[in-house]
K.L.:
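Okay, here's the structure, questions in a sec.
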Amino acid sequence: MARFRNRKKKVFVKPVVKKQQQQQPNVDHVTGDKIPKSFVFSRGKLPGPLQQLQMDLRKLMLPYTALKLKEKKRNNLKDFLNIAGPMGVTHFLILSKTDTAPYLRVAKTPQGPTLTFKMHQYSLAVEIAQSQLRPRCPQDLFKNAPLIVMSGFGNGGEHLKLTTTMFKNIFPAIDINTVKLSSCQRIVLLNYNEETKLIDFRHYSIRLQPVGVSRRIRKFVQNHQVPDLRNLQDVSDFVTKAGYGSESEGDDEAATVTLVSDLGRVNRASTKSAVKLQEIGPRMTLQLIKIEGGLCSGEVMFNEYGDGGNKKRQDVKDLKEYKADEEDSDENMEQGDEDSDENEEEDSDENDEED
């Protein structure tokens, strides 16, 4: 009797091809301007909170930054500069820590200038979220670069003008005629206090709420969930009944805008919407203490503590010149001693021959 083998059918497995990561463009296709990109890294060893602040700053600079940038102890500034050119990186944000305070340096590659800020206070994004009753951070919040708003920098000196130019060039410029409202979801606010000379650094998310629409209706349209009407006698009770909190929040005329296009399911074109800002962090209080003409080096263009930096460099230079002069004089003295010894030996040899 013939034997039949139980042959297993071979299952064809389609090979999984990983999609290549789309390279980010270097030039804006609308404005034609070069898109600024950044590296956020540290110099020296940082404590745990500052390491988390570094990750928060990388997230803030998205999408035009290296979120998973790996750094090693042996890496120096030249290593980052060598890869910055091929990748189109235009700015460095460098964190460091001394015995007195943490510092943040913002540098323009490849030739500077470099702005050094002393960090008086800072709060992490997770700490700000824990302090809020309803923290808001949707997944698509970091798909587009944030807007930049600066206040109080107009009445200062040249160092504040340079600070304004530096921060404006870190983020991509927008064209108000072609920008999409859906891409404006975050905002970075820098406020300069002329009395204390401190800069308040804040990071907010932007959301719009239609004016004149109750909170219940707004949530119903956004969430696509059937409300619980068991305890209500009519649908009108759901619309008119006041729920938890304020049903229709007070709308300030200064904080309302008229939309030119639809934004989501609730905010429609030609209707008024209230602009709401919610802080997402990180938060920093900075003080500009030094501006250098090069990349973390060069001529000191501004120093908060006076001309101490240039004086110190001049003292070091004078000390080096003094040491070099001393070494030259020592060599000349040694050479003179050797010549005199040789002359004495020659005279003694001549005297011996005469005897």
K.L.:
With sequence neighbours left out, what residues match Asn144 under side chain to side chain contact (heavy atoms under 4.5 Å, CB included)?
P.N.:
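If we apply the side chain to side chain contact (heavy atoms under 4.5 Å, CB included) test to Asn144, skipping adjacent residues, the hits are Ser183.
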K.L.:
Checking one residue: Phe41. Which other hydrophobic residues are in its cluster under the side-chain 4.5 Å linking rule?
P.N.:
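Traced through the cluster, Phe41 reaches Phe39, Leu69, Leu77, Phe80, Leu81, Ile83, Met87, Val89, Phe92, Ile94, Leu295.
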K.L.:
Does Lys197 have any salt bridge (Lys or Arg N to Asp or Glu O under 4.0 Å) partners at least two apart in sequence or in another chain, and if so, which?
P.N.:
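With neighbours one apart ignored, the set is Glu304.
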K.L.:
Shared ILVMFWY cluster between Leu53 and Tyr103, side chains joined below 4.5 angstrom?
P.N.:
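They do not share one cluster, since no chain of ILVMFWY contacts under 4.5 Å joins Leu53 to Tyr103.
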K.L.:
Hey, could you give me the CZ/CG distance between Arg202 and Leu189, rounded to the nearest 0.5 Å?
P.N.:
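Going from the CZ atom of Arg202 to the CG atom of Leu189 covers 8.0 Å.
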K.L.:
I'd like to check the side chain to side chain contact (heavy atoms under 4.5 Å, CB included) partners of Lys72; sequence neighbours left out, ordered by chain and number.
P.N.:
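Applying side chain to side chain contact (heavy atoms under 4.5 Å, CB included) to Lys72 gives Arg74, Asn75.
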K.L.:
Under the salt bridge (Lys or Arg N to Asp or Glu O under 4.0 Å) definition, can you give me all pairs with a residue in residues 155-166, not counting sequence neighbours?
P.N.:
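Salt bridge (Lys or Arg N to Asp or Glu O under 4.0 Å) check on residues 155-166 returns Glu158-Lys161.
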K.L.:
Check whether any side-chain heavy atom of Leu57 sits under 4.5 Å from a side-chain heavy atom of Leu95, and report yes or no.
P.N.:
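With C-beta onward as the side chain, the pair touches.
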K.L.:
Determine which pairs satisfy ring pair (Phe, Tyr, Trp, His ring centres under 6.0 Å) with at least one residue from residues 172-202, sequence neighbours left out, and list them in order.
P.N.:
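Sorted pair list: Phe153-Tyr192.
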K.L.:
Counting C-beta onward and ignoring hydrogens, is there a side-chain heavy-atom pair between Leu62 and Leu67 closer than 4.5 Å?
P.N.:
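Touching, per the 4.5 Å side-chain cut-off.
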K.L.:
Answer whether the closest heavy-atom distance between the side chains of Ser96 and Pro102 falls below 4.5 Å.
P.N.:
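In short, these two side chains do not touch, never coming nearer than 4.5 Å.
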K.L.:
Drop me the distance from Leu147's CG to Cys184's SG, to the nearest 0.5 angstrom.
P.N.:
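Between Leu147 CG and Cys184 SG, I get 4.5 Å after rounding to 0.5 Å.
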K.L.:
Is any side-chain heavy atom of Ile280 closer than 4.5 Å to one of Arg136?
P.N.:
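The answer is no; the side chains never approach within 4.5 Å.
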K.L.:
Using residues 113-125 as the side-chain source, report each donor-acceptor pair under 3.5 Å to any protein atom, sequence neighbours left out, with the distance given to one decimal.
P.N.:
from	atom 1	to	atom 2	distance (Å)
Thr114	OG1	Gly294	O	2.8
Thr114	OG1	Cys296	N	2.7
His120	NE2	Gln287	OE1	2.7

K.L.:
Show me the pairs that pass salt bridge (Lys or Arg N to Asp or Glu O under 4.0 Å) and involve residues 55-68, at least two apart or across chains.
P.N.:
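As it turns out, the salt bridge (Lys or Arg N to Asp or Glu O under 4.0 Å) pairs with a partner in residues 55-68, which skip direct neighbours, are Arg58-Glu71.
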K.L.:
Looking at every heavy atom in both Lys108 and His91, which two are closest together, and how far apart are they?
P.N.:
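The answer is CD-NE2, 3.4 Å.
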K.L.:
Is there a path of hydrophobic side-chain contacts, each under 4.5 Å between heavy atoms of I, L, V, M, F, W or Y residues, that connects Val149 with Ile174?
P.N.:
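Val149 clusters together with Ile174.
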K.L.:
Within a strict 4.5 Å, meaning less than it, do heavy atoms of the Val40 and Gln54 side chains meet?
P.N.:
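In short, these two side chains touch, coming nearer than 4.5 Å.
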K.L.:
Measuring only between side-chain heavy atoms, which start at C-beta, is Asn303 closer than 4.5 Å to Ile289?
P.N.:
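Side chain of Asn303 against side chain of Ile289, heavy atoms only: no contact under 4.5 Å found.
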K.L.:
Nearest heavy-atom pair of Leu60 and Pro282: which atoms, and what distance?
P.N.:
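Shortest heavy-atom contact: CD1-CD, 3.9 Å.
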K.L.:
Would you please name every residue forming a side chain to side chain donor-acceptor pair (under 3.5 Å) with Gln278, sequence neighbours left out?
P.N.:
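With neighbours one apart ignored, the set is Gln132.
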K.L.:
Can you check whether Asn76's main-chain N or O pairs, donor with acceptor, with Asp79's side chain at less than 3.5 Å?
P.N.:
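A pair under 3.5 Å: yes.
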K.L.:
Would you say the side chains of Thr65 and Ser38 form a donor-acceptor pair under 3.5 Å?
P.N.:
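Per modelled atom types, Thr65 and Ser38 side chains form a pair under 3.5 Å.
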K.L.:
Which atom pair, heavy atoms only, marks the closest approach of Pro36 to Pro172?
P.N.:
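Looking at all heavy atoms of both residues, the closest pair is CG-N, 3.7 Å.
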K.L.:
Side chains of Leu286 and Leu198: does their closest heavy-atom pair fall under 4.5 Å?
P.N.:
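When only atoms from C-beta onward are counted, Leu198 and Leu286 do not touch, as no gap falls below 4.5 Å.
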K.L.:
Quick one: are Asp140 and Gln185 in side-chain contact, heavy atoms under 4.5 Å?
P.N.:
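Asp140 vs Gln185: side chains touch.
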K.L.:
Identify the two heavy atoms, one from Ile187 and one from Pro146, that lie closest to each other, and give their separation to 0.1 Å.
P.N.:
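Reported closest heavy-atom pair: N-CB, 4.2 Å.
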K.L.:
Carefully, step by step, assess Asp200 and Met284 under the rule side-chain contact (heavy atoms from CB on, under 4.5 Å).
P.N.:
CA-CA 6 Å; Asp200 295 325; Met284 295 182 292; over 6 Å; no
K.L.:
Taking all atoms of both residues into account, what is the closest heavy-atom pair of Arg283 and Ile128, and its distance?
P.N.:
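The pair with the smallest heavy-atom distance is CB-CD1, 3.9 Å.
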K.L.:
Excluding sequence neighbours, so at least two apart, what forms side chain to side chain contact (heavy atoms under 4.5 Å, CB included) with Gln51?
P.N.:
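Checked Gln51 against side chain to side chain contact (heavy atoms under 4.5 Å, CB included); matches are Leu46.
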K.L.:
According to salt bridge (Lys or Arg N to Asp or Glu O under 4.0 Å), does anything in residues 90-101 pair up with another residue at least two apart or in another chain? List the pairs.
P.N.:
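Sorted pair list comes back empty.
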K.L.:
Can you tell me which residue pairs pass the salt bridge (Lys or Arg N to Asp or Glu O under 4.0 Å) test with a partner in residues 183-196, sequence neighbours excluded?
P.N.:
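For residues 183-196: none.
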